[in-house]
Amino acid sequence: MAQIVTRFAPSPTGHLHLGHAYSALFAEAEARSDGGRFLVRIEDIDRGRCRPEFERDMLEDLAWLGLDWEHPERRQSDHMADYEQALLRLEALGLLYPCFLSRKELNETLSAPHMAPLMGPDGPAVIDTDQLMDPDERTRRLAGGEPYALRLRMAQAIERAGSLEWLDRDRGRQVATPSIFGDVILARKDVRTSYHLAVTVDDALQGVTLVTRGEDLFQASHVHRLLQALLDLPVPDYRHHRLLTNETGQRFAKRDRAVTLRQLRGLDHTPDEVRAMIDWNG
Ligand code: GLU
């Protein structure tokens with residue numbers, strides 16, 4: 001069997017917390033279990049929220065915890081040309097269209113009584129936002145150079161790709177249901193890529209054979225499987241691990257100022273103690 005390649009892919013929008021520590025250790029252990037390779041990828045496409053100092057601190061905290069990964073790390077913002085190439089390919093297949101609607105405009109339009117959009121994993125699973133904007137208005141915005149997002153024509157994409165499956169090693173074979181996302185955004189207004197596009201392209205370019213991540217991203221794998229089919233990319237296996245929670249049962253999240261590895265280091269905890277806090281004995 002081919003060598004296992006896993007990755008831990010944090011976004012430098014804050015300091016790593018115990019949930020990240022678990023996720024990183026999980027990914028590394030999967031690779032090590034088979035003499036495989038472990039990578040770290042910096043997911044910094046969100047230029048407004050990412051900071052170089054968080055990136056530096058994150059890598060330092062991971063090394064302190066005892067993780068060992070291949071260098072150099074791939075930093076997404078250094079590889080915009082790869083995402084652009086993928087967009088061009090999808091564009092050539094006629095599967096992308098521009099969307100000018102802001103989140104606010106979209107929510108306002110969708111809250112009209114006759115609209116009842118299904119909720120998807122990323123928000124309302126809108127289909128064909130082209131239909132939601134008056135053509136004159138669209139022409140005016142296009143002429144005015146207003147920024148737009150690029151959305152995938154989901155129905156056509158699914159038709160082209162046909163029926164798809166992927167393997168979650170814990171839950172078994174999954175039939176891909178990317179339609180739950182509607183016309184998913186593949187390039188944001190502020191940056192010519194999106195989480196879904198960048199992750200799928202990177203995992204393929206880095207030769208990742210086993211994607212490990214939290215179960216909050218389980219549904220995202222449906223879209224990633226579709227993009228792999230459309231872009232002729234190899235299909236990795238998946239594992240979606242449990243999400244760690246604090247003593248009140250809430251999952252760790254950066255926005256809640258969850259306990260960070262930095263704080264624990266400051267309190268003189270050792271890496272072994274941190275591993276014990278998250279019941280890690282791998
Ligand atoms: N960057 C994502 C996060 O911080 C992880 C993406 C992934 O593992 O696919 O949640």
Side-chain angles (χ1 to χ4, degrees), residues 4-31 37-51 54-55 57-59 61-62 65 67 69 73-80 82-83 86 121-122 166-170 174 176 178 181 184-186 188 191 193-228 231 233-245 251-258 260-261:
I4 292 191
V5 183
T6 65
R7 83 310 192 269
F8 172 57
S11 293
T13 54
H15 284 127
L16 295 179
H17 53 64
L18 287 174
H20 291 115
Y22 181 84
S23 199
L25 288 164
F26 186 95
E28 191 194 38
E30 284 297 302
R37 298 168 50 211
F38 172 57
L39 315 175
V40 169
R41 182 167 71 227
I42 307 295
E43 305 218 317
D44 64 344
I45 57 170
D46 194 337
R47 303 311 292 153
R49 293 172 60 226
C50 294
R51 303 260 178 281
F54 286 137
E55 176 182 326
D57 291 352
M58 273 178 161
L59 296 175
D61 288 344
L62 290 174
L65 193 58
L67 285 126
W69 62 95
E73 304 80 24
R74 181 176 169 94
R75 187 184 300 109
Q76 290 187 324
S77 59
D78 293 338
H79 296 279
M80 293 306 294
D82 291 331
Y83 314 132
D122 289 352
W166 50 280
L167 181 67
D168 181 294
R169 289 196 182 174
D170 302 295
Q174 306 290 317
F181 282 81
V184 69
I185 289 182
L186 295 187
R188 299 163 21 156
V191 52
T193 187
S194 69
Y195 161 66
H196 298 301
L197 185 72
V199 160
T200 308
V201 168
D202 285 345
D203 284 337
L205 290 177
Q206 293 190 281
V208 171
T209 62
L210 175 62
V211 171
T212 66
R213 55 187 169 212
E215 60 189 14
D216 54 331
L217 287 169
F218 178 84
Q219 311 273 34
S221 302
H222 290 305
V223 172
H224 302 179
R225 179 65 190 91
L226 174 63
L227 292 175
Q228 286 151 9
L231 295 167
L233 302 176
V235 183
D237 285 356
Y238 292 83
R239 286 198 71 184
H240 296 91
H241 59 72
R242 70 187 173 90
L243 298 178
L244 243 55
T245 51
R251 63 179 254 231
F252 290 110
K254 282 184 197 137
R255 62 179 174 278
D256 305 331
R257 282 189 255 118
T260 66
L261 300 185

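Just so it is clear, the values below take in all heavy atoms, side chains as well, and ignore hydrogens, waters and symmetry mates. In listed order, ligands and their atoms are each counted from 1.
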- Message: One thing to verify: whether R75 and E73 come together as a salt bridge, which I'm taking to mean a side-chain N less than 4.0 angstrom from a carboxylate O.
- Response: no
- Query: Which atoms of ligand 1 have any heavy atom of S11 under 4.0 Å away?
  - Reply: 1 (N), 4 (O)
- Task: Return a yes/no value for A9: is any of its N or O atoms, backbone included, closer than 3.5 angstrom to an N or O of ligand 1?
- Result: yes
- Donor-acceptor pair, D44 side chain versus S77 backbone, under 3.5 Å? yes
- Message: Side chain, backbone, both or neither: which applies to F8 and ligand 1 if a contact is any heavy-atom pair less than 4.0 Å apart?
- Response: neither
- Note on the structure: Closest to atom 1 (N) of ligand 1 (heavy atoms only, candidates E43, H224, H20) is E43
- Tell me yes or no: between the side chains of H20 and D61, is some donor less than 3.5 Å from an acceptor? no
- Does R7 reach ligand 1 with a nitrogen or oxygen that is under 3.5 Å from one of the ligand's nitrogen or oxygen atoms? yes
- Item | Side-chain donor/acceptor of S194 to backbone N/O of R188, under 3.5 Å | no
- Any residue meeting salt bridge (charged side-chain N to carboxylate O under 4.0 Å, His left out) with D170, in chain and number order, not counting sequence neighbours: R239
